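By convention in this document, chain letters (A, B, ...) are assigned in the order of the sequence lines, proteins followed by strands, and residues within each chain are numbered from 1. All of these numbers come straight from a predicted model, not from anything done at the bench.
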Protein chains: 2
Amino acid sequence: MMMTPELIRKKLKELNLKVTPQRVVILKTLADNKSHPTAEEIYREVIKKQPNIAVGTVYNILETYVNRGIVEKISSIGDKMRYDVVSEDHHHLFSKNSDEIEDYFNVELAGIIGRYLEVNEIPGFKVEGFKLNISGEFTKRGKN
Amino acid sequence: MMMTPELIRKKLKELNLKVTPQRVVILKTLADNKSHPTAEEIYREVIKKQPNIAVGTVYNILETYVNRGIVEKISSIGDKMRYDVVSEDHHHLFSKNSDEIEDYFNVELAGIIGRYLEVNEIPGFKVEGFKLNISGEFTKRGKN
DNA sequence: GTCACTGCAAACCCTTTGCAACTCA
DNA sequence: TGAGTTGCAAAGGGTTTGCAGTGAC
């Protein structure tokens, strides 16, 4: 993605958030990062550019972003929380052998499921969204 | 479900696990329970029948069951782990307003997704299973 | 009798919180 | 200036672990 600092500034202003160096660097790190880092991984990346930052701040800022809807939390079994910038609708591939999580974009499949859930209502439940978690094994490693 | 102690005993033997009162009561509690309890909820339920049991033991036994594949862990964002006896293939409904999780059985939808993933392979990834997490709101409360 | 299992409590680790200092607008 | 943010360190809360004692087989 390589979001420019200007874009990030703009985004923060749209959200009525004060533009602080910490917020900028965290959002930039997350946007530039293809993987799904934990708070601590983000922290380790961020202190390279912004030495004066506390872990607690990383958590706080991430939580703010989650509440504003621009970042989502991903929880996988027995692992710490991971964070992901909200982009187009996508699903996740979970490795059974490791902690890896990869994005899986598939509008067609999402459409099929979405339409199914629209047509076939679930009694007593109003569907607002869904996530397909696919588990399995990465066969090709590389180019991450 | 109301699994009888005999059935549970049999199940444990099949798995080459020693039949201890703690294991029996925990599996029975989980099988008889429609909700998706946390370890602590299970503990609170279990001490009624088996006063001498430690929280750590509950965690250990649940972990054993998860490893043997007869219980699954469910993690929802920012909440503790929840446990569920592995039964037929089913999915979960997550409430956006509370911690509730309900089962959602739908072989038709599962079939559609399963077939789709079989036909449309994901490059670099071998699919072994999937879970559809549907989020929304429970409109009718009651009869749980 | 043996070895796996349990109880207990301490340790662990991720995450949250309280508060004083600071800084963006 | 002053409301909102940050740094820091301590507290919190769920889960794991080590070890001595116990119990299933």
| remark: chain A vs DNA chain C, heavy-atom contacts under 4.0 Å, first-to-last nucleotide span, 5' to 3', is C:dC14 to C:dA25
| note | All heavy atoms of A:Ala110 vs all of A:Phe130, minimum pair found to be O-CZ, 3.5 Å
| field | With A:Arg9 via side-chain hydrogen bond (donor to acceptor under 3.5 Å, both in side chains) - residues at least two apart | value | none
| note | Axis-to-axis angle for the helix from C:dG1-D:dC25 to C:dA25-D:dT1, ends of five pairs each, to 10°, equals 40°
| remark: chain B reaches DNA chain D, atoms under 4.0 Å from its heavy atoms, from D:dG14 to D:dC25
| So what does B:Val55 touch, heavy atoms closer than 4.0 Å: a base, only the sugar-phosphate, or nothing? | nothing
| Are any side-chain N or O atoms of B:Asn133 and backbone N or O atoms of B:His92, one a donor and one an acceptor, separated by less than 3.5 Å? | no
| request: Return yes if some donor-acceptor pair links the side-chain N/O of B:Thr139 with the main-chain N/O of A:Gly124 below 3.5 Å, else return no. | output: yes
| query | More 5' along DNA chain D: B:Asp79 or B:Leu17, using each one's nearest nucleotide? | reply | B:Asp79
List the atom pairs, donor and acceptor, that lie under 3.5 Å between side-chain atoms in residues 13-25 of chain A and the rest of the protein, sequence neighbours left out.
| residue | atom | partner | partner atom | Å |
| --- | --- | --- | --- | --- |
| A:Thr20 | OG1 | A:Arg23 | N | 3.2 |
| A:Arg23 | NH1 | A:Lys18 | O | 2.9 |

| task | Return the set of residues passing salt bridge (charged side-chain N to carboxylate O under 4.0 Å, His left out) with A:Glu128 (not counting sequence neighbours), or none when no residue passes. | result | A:Lys126, B:Lys96
| request: Kindly state each residue pair satisfying ring-ring contact (aromatic ring centres under 6.0 Å, His included) with at least one member in residues 97-116 of chain A, sequence neighbours excluded. | output: A:His90-A:Phe105
| query | Listed in order of residue number, which residues of residues 57-68 of chain B have a non-hydrogen atom at under 4.0 Å from DNA chain C? | reply | B:Thr57, B:Ile61
| said: Whether the A:Ser98 and A:Glu100 side chains hold a donor-acceptor pair (N or O, under 3.5 Å, no angle test) is what I'd like checked. | reply: yes
| query | By side-chain hydrogen bond (donor to acceptor under 3.5 Å, both in side chains), which residues pair with B:Asn60, not counting sequence neighbours? | reply | none
| task | Of all the heavy-atom pairs spanning B:Ser76 and B:Phe94, show the shortest one and how long it is. | result | CB-CE2, 3.4 Å
| said: Under the rule for side-chain hydrogen bond (donor to acceptor under 3.5 Å, both in side chains), what residues qualify as partners of A:His91, not counting sequence neighbours? | reply: none
| Is it true that a side-chain atom of B:Thr38 and a backbone atom of B:Arg82 form a donor plus acceptor pair closer than 3.5 Å? | no
| said: Need to verify one output field. Residue with the more 5' nearest nucleotide on DNA chain D, B:Lys73 or B:Lys13? | reply: B:Lys73
| field | Presence of salt bridge, B:Lys10 and B:Glu6, under 4.0 angstrom | value | no
| query | Which residues within residues 20-30 of chain A lie with some heavy atom under 4.0 Å of an atom in DNA chain D? | reply | A:Thr20, A:Gln22, A:Arg23
| Hey, is NZ on A:Lys11 packed in by over 12 heavy atoms from elsewhere, all under 6.0 Å? | no
| said: Does B:Lys18 reach a base, just sugar-phosphate, or nothing at all? Heavy atoms under 4.0 Å. | reply: base
| query | Restricting to pairs with a member in residues 48-70 of chain A, which pass salt bridge (charged side-chain N to carboxylate O under 4.0 Å, His left out), not counting sequence neighbours? | reply | A:Glu45-A:Lys48, A:Glu63-A:Lys73
